[in-house]
Structure formats: C-alpha cells, structure tokens
Amino acid sequence: MNVNELMTRDPASCRPDDVCAQAAMLMREEDCGSIPVVDDGRLVGIVTDRDITVRCVAAGHDPKTTRVSEVMSADPICVQPDTSAEEATKIMAERQVRRLPVVADGRLVGIVVTAQLARSEKPGQVGKTIKDISEPASGRASHARG
C-alpha cells in the first residue's frame, strides 16, 4: 500500500508570512502539533508547536508579530505519493516524526500521520509501529537488549 492511499488530502497549511499566533490557532483547530508551511502551493517548511514555544515565545518574541518563517524548520522530511507505507513508517521511526508531508513535484498534496500508517499494518503490528516512531532509536536498542 502506498501513502497516497492513506494520506489526508489538502491538509491545513500556513504561509511563511503568517504570524506564529495564527499557526498556533490553526494547530488548535486541527488538533495537531505541526503544520506544513507552503508558498504558492510549494512546501517550504513545517512549523511545530515546539518551534513556536521554544524559538518564539521562550526566546522573548511576540507570537502575534513573529512570522512563521522565522521559527519553522525549512526543508522538512517528506515523501512522494508513491512511497510505500512500509518505507514511510521506516522514515518516521528513523527521523522521529509523527507526520510526513506528501509532495509531488514540490507541491504539497497531502500528509500522512502515524495512525494512518499503523492502521494499514497487519494485526498485531500497530503497537510496534507507533512505539518505533515514538521511541528514540537508542531506546529501542536498549529495550531489545534488556
């Protein structure tokens, strides 16, 4: 199964010139912790609730005037629509991310999240998939040994 069969199409997104407060309100509305940042349909970054907290608020900046472009992570990890669910799960586990933007020709076409991938797994795999994505690789290795 490929991510294009699982992904959410046309996900909520923000623009680089939106302010952090707008992005935070969108996260609340969408009940998520990260939002893709697009410029004219092209994925240019991703902003997380942690980015807003640490890079904006904790740094003493005003979220009502600080632009998303100032705190976002540019060049986020993403996948193509024809990426297999297995490969997307592997990428998420290796990079410790819970959401992957899906991009075709540089344009954001969807987003795939851990729950969508976990539901595509064989019965009994769901817990392992979510654990692998949520737990740092070093933690998995130590659990496997002990």
Side-chain angles (χ1 to χ4, degrees), residues 1-121 125-143:
M1 184 173 294
N2 293 338
V3 295
N4 66 337
E5 299 171 68
L6 303 168
M7 70 183 188
T8 299
R9 297 179 189 285
D10 301 319
S13 62
C14 62
R15 297 183 324 268
D17 60 341
D18 288 343
V19 294
C20 290
Q22 289 172 292
M25 288 187 298
L26 186 56
M27 287 177 199
R28 182 183 64 199
E29 290 169 14
E30 297 294 322
D31 192 27
C32 65
S34 64
I35 299 285
V37 182
V38 297
D39 189 11
D40 195 29
R42 293 196 147 330
L43 181 69
V44 296
I46 195 158
V47 64
T48 67
D49 49 4
R50 181 167 166 73
D51 292 332
I52 294 169
T53 301
V54 173
R55 296 179 181 170
C56 180
V57 177
H61 304 293
D62 183 351
K64 292 179 182 175
T65 59
T66 303
R67 303 280 175 217
V68 167
S69 60
E70 296 174 52
V71 301
M72 72 180 192
S73 296
D75 299 321
I77 303 156
C78 56
V79 294
Q80 300 287 321
D82 62 352
T83 302
S84 72
E86 183 178 324
E87 179 65 17
T89 300
K90 180 180 170 188
I91 292 167
M92 290 173 122
E94 288 173 356
R95 302 302 293 265
Q96 294 292 281
V97 296
R98 292 181 172 91
R99 296 166 61 92
L100 279 176
V102 182
V103 176
D105 298 321
R107 301 184 81 72
L108 180 67
V109 295
I111 197 152
V112 65
V113 300
T114 53
Q116 292 166 319
L117 292 170
R119 284 192 298 266
S120 74
E121 300 270 327
Q125 252 329 92
V126 173
K128 181 181 180 331
T129 297
I130 292 173
K131 182 178 177 186
D132 286 349
I133 291 168
S134 300
E135 188 175 85
S138 60
R140 286 195 304 274
S142 65
H143 287 304

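Between V79 and E87 there is no side-chain heavy-atom pair separated by less than 4.5 Å. Side-chain contact between V57 and P63 is present, with heavy atoms from C-beta onward closer than 4.5 Å. Using a 4.5 Å heavy-atom threshold, the side chains of V113 and T8 count as separate. Using a 4.5 Å heavy-atom cutoff, the side chains of M27 and I52 are in contact. Residues V37 and S69 have side chains not in contact (no heavy-atom distance under 4.5 Å, counting atoms from C-beta outward).
Looking at every heavy atom in both residues, L43 comes nearest to P76 through CD2-CG, 3.7 Å. Closest of all the heavy-atom pairs between P11 and I111 is CB-CG2, 3.6 Å. When all heavy atoms of P81 and N2 are compared, the pair lying nearest together is O-CB, 3.7 Å. Nearest heavy-atom pair across S84 and V3 is O-CG1, 4.2 Å. Listed here is the closest heavy atom pair of A88 and L100: O-CD1, 3.8 Å.
Rounded to the nearest 0.5 Å, atoms NZ (K64) and CG (D62) are 7.0 Å apart. Between atom CD of residue E86 and atom CE of residue M1 there is a gap of 12.5 Å, rounded to the nearest 0.5 Å. Taking CZ from R99 and CD1 from I35, the interatomic distance works out to 6.0 Å, rounded to the nearest 0.5 Å.
E94 places no side-chain N or O within 3.5 Å of a backbone atom of I91 that could act as its donor or acceptor partner.
Contacts classified as salt bridge (Lys or Arg N to Asp or Glu O under 4.0 Å) and involving residues 28-53 (residues at least two apart or in different chains) are given here: D51-R55.
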Donor-acceptor pairs are to be reported for all side-chain atoms of residues 16-24 against protein atoms at under 3.5 Å, with residues two or more places apart or in another chain.
from: D17; atom 1: OD1; to: R15; atom 2: NE; distance (Å): 3.3
from: D18; atom 1: OD1; to: R15; atom 2: NH2; distance (Å): 3.2
from: D18; atom 1: OD2; to: R15; atom 2: N; distance (Å): 2.9
from: Q22; atom 1: OE1; to: V19; atom 2: N; distance (Å): 2.7

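Not counting sequence neighbours, the partners of E70 by the side-chain contact (heavy atoms from CB on, under 4.5 Å) test are T66, R67.
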Test side-chain contact (heavy atoms from CB on, under 4.5 Å) applied to V102 and N4, step by step:
CA-CA 8 Å; V102 182; N4 66 337; 5.9 Å; no

